[in-house]
Amino acid sequence: MADPRPNPRFIVSEFADDPDMRELVAMFLDEMPDRIGMIEAASREGRVGDLRRLAHQLKGAAGGYGFGVVGEAAGRLEEALTAEASGSEPSADLVAIRAQVEELLDMCRSVRARASG
Amino acid sequence: MTESTSNNPVDEFKPIVLVIDDSVDVHRLLKARLRTEELEFREALDGESGLKVARDDSPTVILLDLDMPVMDGFEVLRVLKEDPRTLQIPVIVLSGLQSSQDKVTAFDLGAVDYVTKPFDLTELRVRVRSTIRMQRLIRMLAQKAQIDGLTGLWNRVYFNTRLTEELGRLSRREGNLSLAVLDIDHFKSINDTYGHPAGDGVIQGLAKLLQGEFRHTDSVCRYGGEEFGVIMPDTTLADAASVAERVRVAFERMVWPRHPERKTTISIGVAAVAGSGTLTVEAIIELADKNLYAAKSGGRNRVVATVADPRSVAGLRAAG
């Protein structure tokens with residue numbers, strides 16, 4: 001039987017109870033593994049431009065599907081990458097950026113349409 | 001409005017919303033959020049293609065993302081507001097929550113409103129709704145100012161605007177254009193004998209006949225009291241003269257409820273431009289009027305039609 005209590009490890013869509021949004025949220029979740037894969041690959045291969053574009057897209061999208069915190073984290077990563085691209089000491093922030101990417105990926109893996117099940 | 005292709009003014013308003021945003025998700029979300037609003041959607045994923053759609057489809061409202069790669073929303077807005085074809089389209093910008101300076105800049109560039117991302121459902125709907133309502137009112141007022149109250153035909157303001165446009169088009173590429181000027185014969189006597197309501201009835205009857213006889217691409221206008229003008233794009237002199245003759249005969253046969261014993265007739269002057277003309281609005285109206293006068297002095301209830309020679313008309317004007 002499914003545990004009815006909310007799992008604090010999961011990030012639940014703010015639109016969990018909105019029937020208009022159910023289908024769209026499901027679509028977003030379906031595509032999430034692909035997104036995670038692309039972010040991982042761009043980060044691993046050091047493609048900063050691609051990584052920034054992926055973060056930018058996620059920033060615009062996640063909040064719309066009811067995952068505001070994910071959108072904000074993606075926005076912070078995009079900002080860091082923009083600063084990194086134009087900064088004078090490029091290598092200094094790399095460790096921080098990797099940590100941000102990991103934080104974002106963790107969040108992406110925790111998104112759920114509903115609190116239980 | 002002036003871009004209408006209908007021979008009489010009818011309001012057929014179906015709002016088109018153009019969304020310019022680099023994120024497929026935003027398009028998807030906006031469509032879902034505005035599903036209940038009965039809108040038609042156009043989508044563009046970058047500024048350049050958004051500008052093209054704005055020019056080609058003249059949307060009712062544009063929802064524009066500010067933060068886009070290559071060409072950002074500010075640049076798109078700047079181009080939209082510099083182009084006379086897109087200048088009038090209201091733009092609602094989509095901006096992040098924390099960027100208030102961006103909003104200020106967008107308003108300075110001519111945006112009418114903004115919506116913050118992530119979208120608040122209610123706010124998004126009311127802002128889009130109010131912008132469309134405003135646009136509908138502007139359109140209605142613009143159209144009202146160009147409609148004749150008695151007949152529902154286009155009025156003289158529209159007639160002049162449209163004729164200027166059509167002649168301008170002709171000066172850019174070769175083609176034909178005909179203009180017919182119609183006048184009810186002995187109209188004053190109808191008014192004096194049967195009263196003004198009878199005169200109004202004749203004017204309305206002629207208006208109805210004209211709307212039925214001319215193509216929907218022609219512009220039928222009430223030019224003055226009992227005088228009408230019809231602009232016929234892509235129409236040769238022969239075609240224009242034959243429609244005018246058909247209208248003349250049909251009008252003569254009409255039976256009037258207020259005075260069945262009395263026939264009424266019209267005189268028609270037709271002027272046509274062939275080839276790439278550089279004729280002015282005044283010159284083509286002058287020629288049509290001259291032909292109308294010839295029809296009147298030739299005994300009324302007839303059509304006189306001639307082709308305008310741009311040089312001779314210009315010379316005539318210079319001499320006169």
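Below, all heavy atoms of this structure are taken into account, side chains as well, without hydrogens, waters or symmetry copies. Every chain is numbered from 1 and lettered A, B, ... according to where its sequence line falls, protein lines coming before strand lines.
For B/Asp56, the CG atom counts as densely surrounded, since its 6.0 Å shell holds more than 12 non-hydrogen atoms of other residues, nucleotides or ligands. Around the CD atom of A/Glu45, the shell of radius 6.0 Å holds more than 12 heavy atoms that belong to other residues, nucleotides or ligands. Around CZ of B/Phe74, the count of heavy atoms belonging to other residues, nucleotides or ligands within 6.0 Å exceeds 12. With a 6.0 Å radius and a threshold of 12 heavy atoms from other residues, nucleotides or ligands, B/Gln204 has its CD atom above the threshold. Atom CE of B/Met134 is surrounded by 12 or fewer heavy atoms from other residues, nucleotides or ligands within 6.0 Å. For CD of B/Glu37, the number of neighbouring non-hydrogen atoms (other residues, nucleotides, ligands) closer than 6.0 Å is greater than 12. Around the NZ atom of B/Lys208, the shell of radius 6.0 Å holds no more than 12 heavy atoms that belong to other residues, nucleotides or ligands.
Between B/Asp25 atom CG and A/Lys59 atom NZ the span is 13.5 Å, to the nearest 0.5 Å.
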query: Which is it for B/Val24 and A/Gln57 under the side chain to side chain contact (heavy atoms under 4.5 Å, CB included) test, yes or no, and what are the steps along the way?
result: CA-CA 9 Å; B/Val24 178; A/Gln57 286 171 351; over 6 Å; no
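At a 4.5 Å heavy-atom cutoff, the contact between B/Asp67 and chain A is made by backbone and side-chain atoms alike. Within the 4.5 angstrom heavy-atom criterion, only side-chain atoms of A/Glu78, from C-beta onward, approach chain B.
Of residues 61-71 of chain A, those residues with a non-hydrogen atom less than 4.5 Å from any non-hydrogen atom of chain B are, in numerical order, A/Ala61, A/Gly63, A/Gly64, A/Tyr65.
Salt-bridge annotation for B/Arg35 and A/Glu23: absent, with no side-chain N of the basic residue lying under 4.0 Å from a carboxylate O of the acidic one.
Closest of all the heavy-atom pairs between A/Leu24 and B/Ala32 is CD1-CB, 3.0 Å.
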